[in-house]
Visitor: 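Just passing along the structure, written as structure tokens.
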Amino acid sequence: MAAPVTPPRGMRDFLPNEKAIREHALGTIRRIFAAHGFDEIETPVMEDSARLHSGLGGDNEKLGFAVLRRGLSPADVAAAAESGDILSLADLGLRFDLTVPLARFYASHRAELPAVFRSIQIAPVWRAERPQKGRYRQFVQCDIDIIGEAGPLAEIELISATTAALDALGLDGCSVRINDRRILASLLAHWKVAPELAERALITIDKLDKIGVSGVVTELDGLGVDIDGIADTLEVMPGLGWDAAAPAWLDHSAYADLKALRDALPASKLVFDPTLVRGMGYYTGTIFEIAHPELGYSLGGGGRYDGMIGRFLGTEVPACGFSIGFERIVDLLGATGTVDTDAVVLVHEKDADPARLVALKAELVASGLRVRLERRTKNLKALLDRAAAAGYGRYAFVTPETGPPGSLQFRPLGESAHHH
RNA sequence: GUGGGUAUAGCUCAGCUGGUAGAGCGUCCGGUUGUGGUCCGGAAGGUCGCGGGUUCAAGCCCCGUUACUCACCCCA
């Protein structure tokens, strides 16, 4: 206990049963995304430090793990400390999302990609936050993105594929909250919020369902926003559904676009929520988020980020993406507990001949079985219970008298097999 | 970054008003069973997170610290 044997804070080991659940879920998501016409790619876990920080707001920079330049001298460190630019000591950083790397990837490989590129990325990202329930410092995101499609078809395909994946995983009760940055912009214009306060004002609006109208007004007041008339607007916002009469301040063009999305996606549960904001600063149009009634945090999210590719490429390319928060999904999935009757355990005496055991095993493996050798222990029950928990469905004893595989007497494993 | 809770055997946890460190499970050994998932007995395994302090005496009280965890902030 003296030596630290735990993984780094917020990062986790996965035991065999946990790993099996994760791989099963990953396989499901991958299969659905591929069925919807997306192609999987992979990018490095690190990106150029300056590039990572070019695509988002100032607060998010603190969340990035930076990687020190190799071969730094004490003089380099002292110089950086003196200039106050500590980040200059780092030239690389671990990615904190998959969108910035994708934009870099697309800019690098555009010539080799179709005009409209549909990508899948399933990979870990890192954020230096304080861990808690549903939040880790290393976590897997499952992203699909469509680059090169400016119209609503991109949003429709993304939401359709994502909700199909959630359905395939057996997750009930999920809904997709949806809004548009243009609607938020029209709201800020209506309130005459100064541009330099816009980002923080939006984050405050996002909290409406948690801190209420008076809480939002108080916080906006603290930011220096003129709060005259704001409470009246806030009162009606949560009630704005699909069919309510839109207030004058609301961007009617964007609202009509969202309604068209809703009409095109009858199978997905879309909920219009004008208070939905989302943190990443690069979104320009539609934004969406997966909500679950039992959870205070989202299971995923995404939106349109038409400006980002242009920052890497020079020419503007429209883009839209949707990300599933894999860890939060897995936390919702129970143990699968599948027992495989084609998986068998051979229990042998401790002095059994290894050559004979492995030959017997090889014959069974060749016949299509999954085979595990276990040395007989005093506590046979514990051994067999562990095997059953690992998914093995049958077992047999190997004794000196055991002949060919056909002479093995297999018995069922598992809770229902205790009385024989 | 802010606040709460927790820290004792490999695991889950007891430990009274401060007085020699405990149980269950697991592991190992002996017997029982003899085609076996039963039962009986025994053993190994602990700097009580770490460092100070109070006391004749600290797992227990006080201070600090670290880790884990929950919540806030923010986010997937």
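Fair warning: this is a prediction, and the values are worked out from it, not measured in the lab. Order of the sequence lines fixes the chain letters, A, B, ..., with proteins taken first and strands second; residue numbering starts at 1 for each chain.
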Visitor: Going by centres under 5.5 angstrom and planes under 30 degrees, do the aromatic ring of Y297(A) and the base ring of rA76(B) stack?
Guide: no
Visitor: Rounded to the nearest Å, what distance is computed from the CH2 atom of residue W126(A) to the P atom of nucleotide rA76(B)?
Guide: 16 Å
Visitor: Give the rounded distance in Å between these two atoms: CZ of R135(A) and P of rG1(B).
Guide: 14 Å
Visitor: Give L299(A) one of three labels, base, sugar-phosphate or nothing, depending on what nucleic acid heavy atoms sit under 4.0 Å from its own.
Guide: sugar-phosphate
Visitor: Considering only atom P, compute the distance from rU65(B) to rG1(B) and round it to an integer number of Å.
Guide: 13 Å
Visitor: More than 12 heavy atoms of other residues, nucleotides or ligands under 6.0 Å from CZ of R69(A): is that the case?
Guide: yes
Visitor: Indicate yes or no: does E316(A) engage R311(A) in a salt bridge with an N to O separation below 4.0 Å.
Guide: no
Visitor: Give me the distance, rounded to whole Å, that separates rA71(B) from rG64(B) when you measure between the C1' atoms they each carry.
Guide: 24 Å
Visitor: So, does R9(A) get its side chain near the phosphate of rC68(B), meaning an N or O under 4.0 Å from OP1 or OP2?
Guide: yes
Visitor: With respect to the phosphate group of rG26(B), does any side-chain polar atom (N or O) of N379(A) fall under 4.0 Å of OP1 or OP2?
Guide: yes
Visitor: Using a 4.0 Å heavy-atom cut-off across all strands, classify Y136(A) as base, sugar-phosphate, or nothing.
Guide: base
Visitor: Name the nucleic acid region contacted by L380(A), choosing base, sugar-phosphate or nothing; use a 4.0 angstrom heavy-atom cut-off, strictly under.
Guide: sugar-phosphate
Visitor: Start at the 5' end of RNA chain B and walk down; is the nucleotide closest to G10(A) or to K210(A) reached first?
Guide: G10(A)
Visitor: Can you find a side chain N or O atom of K133(A) that sits less than 4.0 Å from OP1 or OP2 on rC72(B)?
Guide: no
Visitor: More than 12 heavy atoms of other residues, nucleotides or ligands under 6.0 Å from CE of M46(A): is that the case?
Guide: no
Visitor: Taking any strand in view, what nucleotide pairs with rU65(B) in a Watson-Crick or G-U wobble way, both distances under 3.5 Å?
Guide: rG49(B)
Visitor: So, is Q132(A) close to the rC72(B) phosphate, meaning a side-chain N or O under 4.0 Å from OP1 or OP2?
Guide: yes
Visitor: Rounded to whole Å, how long is the line connecting atom CG of L383(A) with atom P of rU38(B)?
Guide: 11 Å
Visitor: Would you check if R127(A) and F139(A) make a side-chain contact, meaning some heavy-atom pair closer than 4.5 Å?
Guide: yes
Visitor: Base, sugar-phosphate alone, or nothing: which one does Q141(A) contact when heavy atoms must sit under 4.0 Å apart?
Guide: sugar-phosphate
Visitor: Taking atom C1' in both rU47(B) and rA21(B), compute the distance separating them and give it to the nearest angstrom.
Guide: 13 Å
Visitor: Report yes if a side-chain nitrogen or oxygen of K381(A) is closer than 4.0 Å to either non-bridging phosphate oxygen (OP1 or OP2) of rG26(B); otherwise report no.
Guide: no
Visitor: More than 12 heavy atoms of other residues, nucleotides or ligands under 6.0 Å from CG of D228(A): yes or no?
Guide: no
Visitor: Using atom C1' of each nucleotide, how far apart are rU32(B) and rU38(B) to the nearest Å?
Guide: 9 Å
Visitor: Nearest whole Å is fine: how far is rC74(B) P from F96(A) CZ?
Guide: 18 Å
Visitor: So, is R386(A) close to the rU27(B) phosphate, meaning a side-chain N or O under 4.0 Å from OP1 or OP2?
Guide: yes
Visitor: Considering only heavy atoms and no angle criterion, is a donor-acceptor pair shorter than 3.5 Å present between the side chain of K378(A) and the base of rG31(B)?
Guide: yes
Visitor: A quick test of your reading: do over 12 heavy atoms of other residues, nucleotides or ligands sit less than 6.0 Å from NZ of K133(A)?
Guide: no
Visitor: Check the distance between rC75(B)'s C1' and R137(A)'s CZ and give it to me in whole angstrom.
Guide: 14 Å
Visitor: Check the phosphate of rA76(B) against R278(A), side-chain N and O only, distance under 4.0 Å to OP1 or OP2. Yes or no?
Guide: yes
Visitor: Using the closest heavy atom to pick a nucleotide of RNA chain B for each, name whichever of R376(A) or E327(A) lands nearer the 5' end.
Guide: R376(A)
Visitor: Between the base of rC73(B) and the side chain of R130(A), is there a donor-acceptor distance below 3.5 Å?
Guide: no
Visitor: How many whole angstroms separate atom CD of Q138(A) from atom P of rA76(B)?
Guide: 17 Å
Visitor: When the C1' atoms of rG37(B) and rA44(B) are considered, how many whole Å apart are they?
Guide: 25 Å
Visitor: Once you round it to whole Å, what is the distance between P of rG26(B) and CD of E374(A)?
Guide: 15 Å
Visitor: Base, sugar-phosphate, or nothing: which does S323(A) touch, judged by heavy atoms less than 4.0 Å apart?
Guide: nothing
Visitor: If rU2(B) has a Watson-Crick or G-U wobble mate with both distances under 3.5 Å, name it; if not, just say none.
Guide: rA71(B)
Visitor: Starting the side chain at C-beta, find the nucleotide from rG37(B), rA76(B), rU35(B) nearest to R411(A).
Guide: rU35(B)
Visitor: Can we say D340(A) and R370(A) salt-bridge, meaning some charged N sits less than 4.0 Å from an Asp/Glu carboxylate O?
Guide: yes
Visitor: Counting Watson-Crick and G-U wobble pairs only, both distances under 3.5 Å, name the nucleotide matched with rG37(B), or none.
Guide: none
Visitor: On a whole-Å scale, what distance lies between the C1' atoms belonging to rG4(B) and rG53(B)?
Guide: 25 Å
Visitor: Name the pairing partner of rA23(B), where a pair is Watson-Crick or G-U wobble with both distances under 3.5 Å, or state none.
Guide: rU12(B)
Visitor: Mind telling me whether Y106(A) and F117(A) have parallel, tilted or perpendicular rings, with 30° and 60° as the class edges?
Guide: parallel
Visitor: Please give, in whole Å, the distance from rA76(B) P to L98(A) CG?
Guide: 11 Å
Visitor: Just compare rU35(B), rA76(B), rG26(B) and give me whichever is closest to any side-chain atom of A382(A).
Guide: rG26(B)
Visitor: Between rC25(B) and rU20(B), how far apart are the two P atoms, rounded to whole Å?
Guide: 26 Å
Visitor: What nucleic acid atoms does E401(A) come within less than 4.0 Å of, heavy atoms only: base, sugar-phosphate, or nothing?
Guide: base
Visitor: For atom C1', what is the distance between rU69(B) and rC60(B), given to the nearest Å?
Guide: 23 Å
